[in-house]
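Structure, as structure tokens:
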Amino acid sequence: MALSNAKSWKPYLDHELEQPYMLTLKEFLRLEKNDGKVIYPHSSNWFHALEQTPLDDVKIVILGQDPYHQPHQAHGLCFSVQPDVKIPPSLRNIYKELQADLGISHALHGCLESWAKQGVLLINSVLTVEYNQPNAHQGKGWETFTDKIIRTVNEQNEHVVFLLWGAYAQKKGAFIDAEKHLVLKAPHPSPLSAHRGFIGCKHFSRTNEYLEQHGKTAIHWELPKIASPV
């Protein structure tokens with residue numbers, strides 16, 4: 001468990017990796033693997049969001065909860081799946097809102113790498129999960145680590161847009177400085193709640209307006225026709 005490919009984050013997170021709660025988490029994950037448990041995403045992708053979006057480049061933070069727990073889905077970016085995998089329901093609703101808000105046609109894949117490379121930090125609260133066992137790794141320590149990630153962005157960056165979709169994300173992001181950054185809240189895009197206000201929230205256009213007002217380049221939300229291999 002190392003941040004060797006996420007150098008911009010290392011000064012703020014390396015010390016965190018040596019805290020007692022993280023050492024306990026590492027041991028938990030080691031024992032789970034020794035017991036033959038299948039863990040997603042692959043360990044090489046646990047810090048993929050940090051690797052794809054350097055701290056200095058973060059313009060937007062989208063907070064997820066838990067990685068996908070079926071084969072070939074999770075690769076370390078929240079809401080995103082690997083190329084050639086069926087698009088999950090929540091991401092389909094994100095695409096619906098993109099079309100309603102900006103007229104962007106639905107992507108044919110669910111890989112959000114191009115967003116990450118533009119400065120969208122796609123971070124889950126919990127970075128691992130057991131196969132077919134949603135929320136299996138909640139309360140094991142990841143939440144404290146990802147709180148540190150969010151606090152680092154909150155403190156080190158200026159004029160970041162935090163997209164908090166659903167009660168869980170809104171509670172986790174409660175400490176964000178809303179005078180320094182833009183905090184946008186909406187229901188979660190899952191089929192259970194998207195119709196309660198996620199569809200129609202216009203977060204994508206509002207995000208780009210805010211970025212441009214503060215001298216930053218807007219996000220090109222339309223995904224490539226063909227996803228890059230992960």
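Checked against the 6.0 Å centroid criterion, the rings of F79 and W165 qualify as a close aromatic pair. In this structure, F28 has its ring center closer than 6.0 angstrom to the ring center of H137.
A donor-acceptor pair is defined here as one N or O able to donate and one able to accept, closer than 3.5 Å; no such pair exists between the side chain of S80 and the backbone of L77. The closest donor-acceptor contact from the side chain of K180 to the backbone of E155 lies under 3.5 Å. Of the possible donor and acceptor atoms, one in the side chain of D101 sits under 3.5 Å from a partner among the backbone N and O of F204. Side-chain atoms of N208 come within 3.5 Å of backbone N or O of I219 as a donor-acceptor pair. Remark: the backbone N or O of S44 is not paired with any side-chain donor or acceptor of H48 at under 3.5 angstrom. Checking side-chain atoms of D66 against main-chain N and O of N135 turns up a donor-acceptor pair under 3.5 Å. A side-chain donor-acceptor contact under 3.5 Å links N154 to the backbone of D177. For Q73 (side chain) and V85 (main-chain N/O), no donor-acceptor pair under 3.5 Å exists by modelled atom type. Counting only distance, with no hydrogens or angles, the side chain of Q118 and the backbone of H220 share a donor-acceptor pair below 3.5 Å. Listed for the N124 side chain is a donor-acceptor partner under 3.5 Å among the backbone atoms of Q65.
One distance of note links CH2 of W142 with OG of S125; it measures 11.0 Å at 0.5 Å rounding. From H203, atom NE2 reaches atom CH2 of W221 across 11.0 Å, with rounding to the nearest 0.5 Å. Residue F162 holds its CZ atom at 11.5 Å from OG1 of T207, rounded to the nearest 0.5 Å. Atom CG of L25 sits about 13.0 Å away from atom CD of Q19, to the nearest 0.5 Å. The distance from the CG atom of L182 to the CD atom of Q213 is 9.0 Å, given to the nearest 0.5 Å. Distance check, rounded to the nearest 0.5 Å: CG of L13 to CG of L3 gives 6.0 Å.
Between H106 and Y95, the ring planes lie perpendicular to each other; the angle is over 60°, past the 30° to 60° tilted range.
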- [ ] Could you go through the side chain to side chain contact (heavy atoms under 4.5 Å, CB included) check for E97 and C201 one step at a time?
- [x] CA-CA 8 Å; E97 176 55 22; C201 68; 4.2 Å; yes
TODO: Under the side chain to side chain contact (heavy atoms under 4.5 Å, CB included) rule, what do V183 and L164 come out as? Steps first, then yes or no, please.
DONE: CA-CA 7 Å; V183 179; L164 307 182; 3.6 Å; yes
Open item on the list: With side-chain hydrogen bond (donor to acceptor under 3.5 Å, both in side chains) as the criterion, how do T152 and W9 come out once you've worked through the C-alpha distance, each side chain's angles and the decisive distance to 0.1 Å?
Closed with: CA-CA 9 Å; T152 299; W9 296 91; over 6 Å; no
Task: Intermediate values then yes/no, side-chain hydrogen bond (donor to acceptor under 3.5 Å, both in side chains), T24 and K140 - done: CA-CA 8 Å; T24 300; K140 302 297 183 182; over 6 Å; no
- [ ] Test R30 against E27 for salt bridge (charged side-chain N to carboxylate O under 4.0 Å, His left out), laying out the working first.
- [x] CA-CA 5 Å; R30 187 185 70 81; E27 180 65 7; 2.7 Å; yes
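In the hydrophobic cluster analysis, where Ile, Leu, Val, Met, Phe, Trp and Tyr join through side-chain heavy atoms closer than 4.5 angstrom, I62 is grouped together with L102. Cluster membership check: L63 does not share its hydrophobic cluster with V129, using side-chain heavy-atom separations under 4.5 Å among Ile, Leu, Val, Met, Phe, Trp and Tyr. Criterion: ILVMFWY side-chain heavy atoms under 4.5 Å apart, direct or through other members. Under it, F175 and F145 are part of a common hydrophobic cluster.
The 12-atom threshold is exceeded at NE2 of H181, counting heavy atoms of other residues, nucleotides or ligands nearer than 6.0 Å. A 6.0 Å sphere centred on NZ of K26 holds more than 12 heavy atoms belonging to other residues, nucleotides or ligands. The local environment of CG in N132 is crowded, with over 12 non-hydrogen atoms from other residues, nucleotides or ligands closer than 6.0 Å. Atom NZ of K86 has 12 or fewer neighbouring heavy atoms from other residues, nucleotides or ligands inside a 6.0 Å radius.
D56 and S8 share no donor-acceptor pair across their side chains, judged by distance under 3.5 Å alone. There is no side-chain donor-acceptor pair under 3.5 Å between T128 and Y40. Inspection of the E113 and Q52 side chains reveals an N or O donor paired with an N or O acceptor under 3.5 Å. When only modelled atom types and interatomic distance are considered, K59 and T53 share no side-chain donor-acceptor pair under 3.5 Å. For the residue pair E16 / Y21, a side-chain donor-acceptor distance below 3.5 Å is found, with atom types taken as modelled.
Considering only heavy atoms from C-beta on, P191 comes within 4.5 Å of N93 through its side chain. Under the 4.5 Å side-chain criterion, counting only non-hydrogen atoms from C-beta, Y12 is in contact with L55. Side-chain contact check for L163 versus I60: some heavy-atom pair is nearer than 4.5 Å. Taking 4.5 Å as the limit, every side-chain heavy atom of S105 sits out of range of all side-chain heavy atoms of E222. Counting only heavy atoms from C-beta outward, the side chains of V61 and I123 approach each other to under 4.5 Å. Between Y131 and K37, the closest side-chain pair of non-hydrogen atoms is not below 4.5 Å. Contact annotation: the side chain of H188 approaches that of S90 to within less than 4.5 Å [non-hydrogen atoms, C-beta and beyond]. Using a 4.5 Å cut-off on side-chain heavy atoms (C-beta onward), E32 and E130 make contact.
For the side chain to side chain contact (heavy atoms under 4.5 Å, CB included) criterion with C78, the lone passing option out of L91, L121, L122, L127 is L122.
Annotation for P134 and H69: closest pair CB-CD2, 3.7 Å, computed over non-hydrogen atoms. Across all their heavy atoms, I39 and K33 have their closest contact at CD1-CG, 3.9 Å. For the residue pair P224 and H109, the shortest heavy atom distance occurs at O-NE2, 2.7 Å. Across every non-hydrogen atom of A186 and Q170, the tightest pair is O-NE2, 3.0 Å. The minimum heavy-atom distance between P67 and A74, with the atom names listed, is CB-CB, 4.1 Å. Counting all heavy atoms, side chain and backbone alike, A218 lies closest to L211 at CA-CD1, 4.4 Å.
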